Participant: 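Below: one structure in structure tokens.
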Amino acid sequence: MSTPTEDVVKQWEREQAELKKRLVEEDTEDWQKSPDFAGLERVGGVDLSFIKGDDVNACAQLVVLSFPDMKLLYKDSQMVTLNAPYVAGFLAFRETPSLLEALEKLKREQPSLMPQVVLVDGNGLFHYREFGLACHLGVLSDLPCVGVAKNLLQVQGVVRSDEHLSQINALEKDGDTFPLTTDTGKVLGKALRSCLKSTKPVYVSVGHRISLDTAVRLTHACCRHRVPEPIRQADMISREYLRTHFPSGLSPRDNNETLNT
DNA sequence: GCGACAG
DNA sequence: ATCTTGTCGC
């Protein structure tokens with residue numbers, strides 16, 4: 001997959017700006033206003049996993065876990081062909097179509113298991129143009145979504161400075177946070193110490209139909225390890241799927257070339 | 001030219 | 001994203 005042309009990037013930027021008009025940054029559900037999330041029963045997690053040398057074929061994973069137990073209620077692994085390359089700031093154009101398909105399949109086949117909120121591997125509002133993958137998936141699915149990134153995206157003046165590192169060092173117990181504030185003073189997300197064991201925070205931001213404080217509280221409530229359980233399960237299960245279906249590490253693409261030789 | 005670059 | 005075993009600690 002080649003790097004997109006400037007025209008394509010411009011088109012992508014227009015699409016992000018257009019979809020952003022439909023973004024809802026506040027709590028819209030009753031369970032979100034409850035101190036203990038009463039009424040929340042199902043939390044979704046999504047992720048894509050890849051085979052070493054292949055960036056076109058991937059395993060798209062959707063899981064639904066019970067809340068607050070974090071027991072697996074549903075899992076779906078699906079091999080997909082990606083149409084867009086990875087470009088920082090445009091991850092949604094690579095991953096959203098496959099994830100939307102998985103959600104539509106669930107709605108079609110097991111509507112009673114539809115998640116009430118989805119945790120997404122990547123950023124939401126914490127993004128160059130304040131419209132990351134979690135926002136994109138949220139708006140197009142119209143589901144509440146939360147962005148959880150494992151690495152800091154340096155954006156709008158938020159940098160890995162000594163100040164940032166000292167803020168991380170100041171997080172002493174799980175649940176502790178500090179805001180990710182842009183150079184213009186807007187809070188785009190929060191760094192969260194997700195569990196006592198890990199020093200490295202996760203970066204939480206609003207995806208759609210949830211407030212930042214609720215998003216952080218929910219993410220913390222889903223953590224048994226550093227990465228919140230829905231995303232962690234999606235990651236582990238999709239990797240397991242690739243291990244058992246392509247044990248040689250031979251991707252579908254390589255298999256076809258082998259057959260044609 | 002140099003550094004940054006979610007997944 | 002992926003490349004990868006042992007190792008240290010609870």
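Please read all numbers here as calculations on a predicted model, not as lab measurements. So you know, we letter chains A, B, ... as the sequences are listed, proteins then strands, and number each from 1. Worth knowing before you read on, the calculation uses all heavy atoms, side chains too, and leaves out hydrogens, waters and symmetry mates.
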Participant: Classify the nucleic acid contact of A:N151 as base, sugar-phosphate or nothing, counting any heavy atom under 4.0 Å across all strands shown.
Facilitator: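 Sugar-phosphate: the residue A:N151, judged by heavy atoms under 4.0 Å, touches backbone atoms but no base.
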Participant: Under the criteria of a ring-centre distance below 5.5 Å and an interplanar angle below 30°, is A:Y86 stacked with the base of C:dA1?
Facilitator: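 It does not: the ring fails the test against the base of C:dA1.
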Participant: Using 4.0 Å as the upper bound for N to carboxylate O, is an ion pair formed by A:K105 and A:D76?
Facilitator: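 A salt bridge is present here (some side-chain N lies under 4.0 Å from a carboxylate O).
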Participant: Is A:D176 paired with A:K173 through a side-chain N to carboxylate O contact shorter than 4.0 Å?
Facilitator: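 The answer is yes: the pair qualifies as a salt bridge.
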Participant: Roughly, in whole Å, what's the span from CG in A:D47 to C1' in C:dA1?
Facilitator: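 Computing the A:D47:CG to C:dA1:C1' distance gives 9 Å.
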Participant: From C-beta outward on A:N123, which listed nucleotide comes closest to its side chain: B:dA6, B:dG7, B:dA4?
Facilitator: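 The answer is B:dA6, which lies nearest to the side chain.
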Participant: Looking at A:R217 and A:D213, is there a salt bridge between them, counting it only when a charged N and a carboxylate O are closer than 4.0 Å?
Facilitator: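 No, no charged N to carboxylate O under 4.0 Å.
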Participant: Rounding to an integer number of Å, can you tell me how far A:L153 CG sits from B:dG3 C1'?
Facilitator: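 Nearest whole value for this atom pair: 14 Å.
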Participant: Has A:R239 got a side-chain N or O lying under 4.0 Å from the OP1 or OP2 atom of C:dT2?
Facilitator: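 For C:dT2, OP1 or OP2 has a side-chain N or O of A:R239 closer than 4.0 Å.
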Participant: Answer yes if the side chains of A:R209 and A:T28 hold a donor-acceptor pair under 3.5 Å, and no otherwise.
Facilitator: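 The answer is yes; a qualifying pair exists.
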Participant: Just the rounded figure in Å: distance from P of C:dA1 to CE of A:M236.
Facilitator: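 So the CE-P distance, A:M236 to C:dA1, works out to 14 Å.
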Participant: Nearest heavy atom decides the nucleotide; on that basis, is A:K150 or A:K197 closer to the 5' end of DNA chain C?
Facilitator: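 Of the two residues, A:K150 wins.
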Participant: Is the distance from OP1 or OP2 of C:dT4 to the nearest side-chain N or O of A:K52 less than 4.0 Å?
Facilitator: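 No, because none of the side-chain N or O atoms of A:K52 sits under 4.0 Å from OP1 or OP2 of C:dT4.
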Participant: In this structure, how many angstroms lie between the P atom of C:dA1 and the CG atom of A:L82, rounded?
Facilitator: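 Distance check: A:L82 CG to C:dA1 P gives 14 Å.
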Participant: Just how far, in rounded Å, is C1' of B:dG7 from CD1 of A:I51?
Facilitator: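 Taking atom C1' of B:dG7 as the reference, CD1 of A:I51 is at 16 Å.
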Participant: Atom CG of A:L152 to atom P of B:dG7: distance rounded to whole Å?
Facilitator: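 Atom-to-atom, A:L152 to B:dG7, this comes out as 10 Å.
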Participant: Pick base, sugar-phosphate or nothing for A:F90, based on heavy-atom distances below 4.0 Å to the nucleic acid.
Facilitator: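 Since a base atom lies under 4.0 Å of A:F90, the category is base.
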Participant: Figure out the CZ/C1' separation between A:R129 and B:dA6, and round it to whole Å.
Facilitator: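 About 12 Å, once rounded to whole Å.
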Participant: Any side-chain donor-acceptor pair under 3.5 Å between A:T214 and A:Q32?
Facilitator: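 Note: A:T214 and A:Q32 side chains miss the donor-acceptor criterion.
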Participant: Which part of the nucleic acid, if any, lies within contact of A:G147, taking any heavy atom under 4.0 Å across all strands shown: a base, the sugar-phosphate backbone alone, or nothing?
Facilitator: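 Since no nucleic acid heavy atom lies under 4.0 Å of A:G147, the category is nothing.
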Participant: How close or far is atom C1' of B:dG7 from atom CZ of A:R94, stated in whole angstroms?
Facilitator: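 That distance rounds to 8 Å.
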